[in-house]
Colleague: 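Below you'll find the structure I mean.
Only a predicted model underlies this, so the values are computations on that prediction, with no experimental measurement involved. Start at 1 and go down the list; that is how both ligands and their atoms are numbered.
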Amino acid sequence: MKRFLFIAFNLLLILSTFSCNWRKDETYRKSEFLLDTIVTITVVSDSERKAEDAMDKAFAEIKRLGKLINFFSPDSEISAINRNAGISPVAVSPDTYTLLERATEISTETGGAFDMTVGVVVNLYDFHNKTRPSDALIREKLPLVNFRDLMLNQDKQTAFLRRKGMTVDAGGIAKGYAADRAIEVLKSAGIKAALVAVAGDIRAYGLKPGGTPWRVGIRDPRGKGMDDIIATLELRDMAISTSGDYERFFIENGKRYHHLIDPKTGYPAGGVMGVTIVGPLGVYTDSLATALFISGIDKGLKIAGTLGYDALMIDKTGKLHMTDSLKNKITLQPRIKTNEDE
Ligand code: ADP
Ligand code: MG
């Protein structure tokens, strides 16, 4: 009897230990307004406390980044660089330096289609009041646009804009970088799977409870809203970014003026309605989405192929064009046509 009790006790001990350790994975989600947009973090965890703690840390990281790179805040490092344009180099923190360095890489790879100094022209357009600058004003400001005039010194960790009046604006790359940083923070906090969405810049890792991958939708650029989807994609340890002419725009005399500006002309780029990029890092998917929008379909697909990133581009007629690598990963809605249908 003693022996039986001993075995029964041990069995109970094993069972209770097992049930303590075996807590069910759940999905936890939280949103905050950061970087001038909605940031939504979804994590998979077996503990609500751990999930909340990790999400708070990730939001804090995005907030920290926002302080460094906010174009409009006089206290940001980006503003310090802009104030000192043509005057002196400015020492910046590792995050700002990395961001400027990645942006410069993408500018070089895309022949200047992505250019953080284009802000002096972008800011002449007022999308709220639906006004645009005169041709003369664009001509006057355009010489201040050239990413090659941003001098980065790796040893000194400084940034310098060569000419007075120039500015850098990280608006086309910061959201993807923020998603990358948030994912790193969640990983360090022991989270096994997560999805971070900084508006249209999303990065995922791990699998949802039940072992299914994260699935994201690609919006119809001329659809009625966020839920009007043209395609879906499974994301496994990948980032995805979309840039479109429907985010900030106005229509004047039948012509659409939007916020993606061709640095060579100073006018909104034509030819494309939306670009989606998929690849390992948000910092590149974000900047490439903007860059390929400017580059147009043919050049854009070539650039994506060279860099090993997937691209889906929607031309002005609504037709889809994509890199071969994307074709077996994407699920198109039945009504959607691609350039292979003709
Ligand atoms: P959104 O901000 O709508 O998500 P993007 O990520 O494509 O769109 O970034 C758009 C922002 O990038 C613009 O608001 C502007 O500040 C900046 N931008 C516009 N054109 C360019 C360009 N050619 N190169 C770099 N940045 C750009
Ligand atoms: Mg972008």
Side-chain angles (χ1 to χ4, degrees), residues 34-39 66 69-72 76 78 82 99-100 102-128 132 138 141-142 144-150 166-180 197-203 218-219 221 226 239-250 256-279 281-296 299-300 303-304 309 311 313-314:
L34 296 170
L35 301 179
D36 220 14
T37 194
I38 305 280
V39 180
I69 56 145
N70 187 338
F71 183 83
F72 297 102
S76 73
I78 289 290
N82 294 341
L99 198 59
L100 297 175
R102 300 279 180 274
T104 305
E105 272 173 46
I106 292 300
S107 296
T108 309
E109 295 286 355
T110 62
F114 184 82
D115 191 325
M116 281 200 304
T117 66
V118 81
V120 288
V121 176
V122 177
N123 294 327
L124 299 175
Y125 291 82
D126 184 340
F127 298 102
H128 187 68
R132 62 190 180 91
I138 292 177
K141 294 285 182 186
L142 205 56
L144 292 170
V145 177
N146 192 345
F147 73 95
R148 293 172 194 86
D149 287 331
L150 171 68
M166 289 188 78
T167 60
V168 278
D169 180 359
I173 190 168
K175 295 197 288 293
Y177 184 68
D180 289 341
V198 186
D201 299 292
I202 303 169
R203 188 163 151 197
I218 299 171
R219 212 180 129 176
M226 298 287 271
I240 182 168
S241 291
T242 299
S243 280
D245 65 3
Y246 47 88
E247 290 287 350
R248 257 179 291 158
F249 72 97
F250 59 87
R256 181 181 286 255
Y257 292 90
H258 57 79
H259 68 316
L260 300 165
I261 304 295
D262 183 342
K264 294 205 170 65
T265 66
Y267 293 93
V272 179
M273 298 199 294
V275 177
T276 297
I277 307 286
V278 183
L281 290 177
V283 71
Y284 292 131
T285 56
D286 187 3
S287 48
L288 276 174
T290 307
L292 266 58
F293 193 102
I294 310 294
S295 305
K299 246 194 210 162
I303 292 169
Y309 272 60
M313 304 181 73
I314 307 171

Colleague: Do any N/O/S atoms of D201 come under 2.8 Å of the Mg ion (ligand 2)?
Modeller: no
Colleague: Compute the shortest N/O to N/O distance between D169 and ligand 1 and return yes if it is under 3.5 Å, no if not.
Modeller: yes
Colleague: Taking the six-membered ring for Trp, is the centroid-to-centroid distance between H259 and F250 below 6.0 Å?
Modeller: no
Colleague: May I ask you to check whether D286 has an N/O atom sitting below 3.5 Å from an N/O atom of ligand 1?
Modeller: yes
Colleague: Can you confirm whether L260 sits close enough to T290 that some side-chain heavy atom of one is under 4.5 Å from a side-chain heavy atom of the other?
Modeller: yes
Colleague: Which atoms of ligand 1 sit under 4.0 Å from any heavy atom of E247?
Modeller: 3 (O)
Colleague: Atoms of ligand 1 less than 4.0 Å from R248 heavy atoms?
Modeller: 2 (O), 14 (O)
Colleague: Should one rank L288, D115, I261, T37 by closest heavy-atom distance to atom 23 (N) of ligand 1, which comes out on top?
Modeller: I261
Colleague: Is S243 close enough to the Mg ion (ligand 2) to have an N, O or S atom under 2.8 Å?
Modeller: no
Colleague: So do the side chains of F147 and V168 get within less than 4.5 Å of each other, counting heavy atoms only?
Modeller: no
Colleague: Y177: what forms a side chain to side chain donor-acceptor pair (under 3.5 Å) with it, not counting sequence neighbours?
Modeller: D95
Colleague: Considering only non-hydrogen protein atoms, determine which one is nearest to atom 15 (C) of ligand 1 and report residue, atom name and distance to 0.1 Å.
Modeller: V122 CG1, 4.1 Å
Colleague: Looking at P263, which atoms of ligand 1 are within less than 4.0 Å of one of its heavy atoms?
Modeller: 23 (N)
Colleague: Have a look at the Mg ion (ligand 2) and estimate, to 10 degrees, the angle subtended by OD1 (D286) and OG1 (T290).
Modeller: 150°
Colleague: Looking at I294, which atoms of ligand 1 are within less than 4.0 Å of one of its heavy atoms?
Modeller: 23 (N)
Colleague: Give me the nearest non-hydrogen protein atom to atom 9 (O) of ligand 1 as residue plus atom name, then the distance to 0.1 Å.
Modeller: G172 CA, 3.4 Å
Colleague: Do R132 and Y125 form a cation-pi contact, if we require the NZ or CZ to be under 6.0 Å from the six-membered ring centre and within 45 degrees of the ring's axis?
Modeller: no
Colleague: Have D115 and S107 got a donor and an acceptor in their side chains that come within less than 3.5 Å?
Modeller: no
Colleague: Hey, is CG on N123 packed in by over 12 heavy atoms from elsewhere, all under 6.0 Å?
Modeller: yes
Colleague: Has the side chain of D262 got a donor or acceptor atom that lies under 3.5 Å from a matching backbone atom of I294?
Modeller: no
Colleague: Give the single entry among H259, K264, K175 that approaches atom 19 (C) of ligand 1 most closely by any heavy atom.
Modeller: H259
Colleague: With distance as the sole test, does Y267 use its side chain to make a donor-acceptor pair with the main-chain N or O of I138 at under 3.5 Å?
Modeller: no
Colleague: Taking S76 for its side chain and N70 for its backbone only, find out whether a donor-acceptor pair lies under 3.5 Å.
Modeller: yes
Colleague: What protein heavy atom sits nearest atom 21 (C) of ligand 1, and how far away is it?
Modeller: V118 CG1, 3.5 Å
Colleague: Tell me, please: is A113 in heavy-atom contact with ligand 1, that is, under 4.0 Å?
Modeller: yes
